[in-house]
Amino acid sequence: MRVLVLNGPNLGRLGKRQPEIYGRTTYAQLVALCVEWGRDLGLEVEVRQTNHEGEMVDWLNAAADEHTPVVLNAAAWTHYSYAIYDACAQLEAPLVEVHLSDPEARPEEWRHFSLVRPHAVEVVKGLGVEGYREALGIIAR
Ligand code: DQA
């Protein structure tokens, strides 16, 4: 089974970006780990990251056309993008929402609301990069 792991804005700087919140694993390491974890689960995993909302919408639209399961960390778009909400609404294959941190436990109130959640079969948060392994496991089951 093919699975897309899609990452939104600023996640390309993982490992360098606020490591006290997001950890020291780099984005390149995350990509390698997801591919390896996927292989162990019998999944063909492709990992992407973009800082451009339209590109993410295009990827989600293609996933909808192709009935591809998605693991999505929409990063800040999670909290305010109706375009991402509408794109996620079209997915028929499972969507798992993932966050490295636990946005609901963070002080900024705007992080406490997710537009991805209504369309996700599960939300994995606060587990750092391990959360991606968990999310892939949910897709595999
Ligand atoms: C994040 C949490 C979001 O609130 C934030 O905007 C991010 C990363 C996470 O993985 O913890 O960019 O999605």
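On a predicted model such as this, the values are computed, not experimentally measured, just so you know. Numbering of ligands and ligand atoms starts at 1, following listing order.
- Put simply, the side chain of E55 never gets that close to the backbone of N51: no donor and acceptor are under 3.5 Å apart.
- Residues E97 and S114 bring a donor and an acceptor atom of their side chains to less than 3.5 Å of each other.
- With sequence neighbours excluded, no residue forms a side-chain hydrogen bond (donor to acceptor under 3.5 Å, both in side chains) with N61.
- Partner of L95 under the side chain to side chain contact (heavy atoms under 4.5 Å, CB included) criterion, chosen from V71, L72, L6, V121: L72.
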Which N or O atoms of ligand 1 sit under 3.5 Å from a protein N or O, and how far apart is each pair?
{"residue": "ligand 1", "atom": "4 (O)", "partner": "H79", "partner atom": "NE2", "Å": "2.7"}
{"residue": "ligand 1", "atom": "4 (O)", "partner": "R111", "partner atom": "NH1", "Å": "2.8"}
{"residue": "ligand 1", "atom": "6 (O)", "partner": "A76", "partner atom": "N", "Å": "3.2"}
{"residue": "ligand 1", "atom": "6 (O)", "partner": "R111", "partner atom": "NH1", "Å": "3.1"}
{"residue": "ligand 1", "atom": "10 (O)", "partner": "N73", "partner atom": "ND2", "Å": "2.9"}
{"residue": "ligand 1", "atom": "10 (O)", "partner": "L100", "partner atom": "N", "Å": "2.8"}
{"residue": "ligand 1", "atom": "11 (O)", "partner": "L100", "partner atom": "N", "Å": "3.3"}
{"residue": "ligand 1", "atom": "11 (O)", "partner": "S101", "partner atom": "N", "Å": "2.8"}
{"residue": "ligand 1", "atom": "11 (O)", "partner": "S101", "partner atom": "OG", "Å": "2.6"}
{"residue": "ligand 1", "atom": "12 (O)", "partner": "R17", "partner atom": "NH1", "Å": "3.1"}
{"residue": "ligand 1", "atom": "12 (O)", "partner": "R17", "partner atom": "NH2", "Å": "2.9"}
{"residue": "ligand 1", "atom": "13 (O)", "partner": "N73", "partner atom": "OD1", "Å": "2.8"}
{"residue": "ligand 1", "atom": "13 (O)", "partner": "H99", "partner atom": "ND1", "Å": "2.8"}

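- In this model, no donor atom of one side chain and acceptor atom of the other lie less than 3.5 Å apart for N10 and Y22.
- Listed for the N73 side chain is no donor-acceptor partner under 3.5 Å among the backbone atoms of H99.
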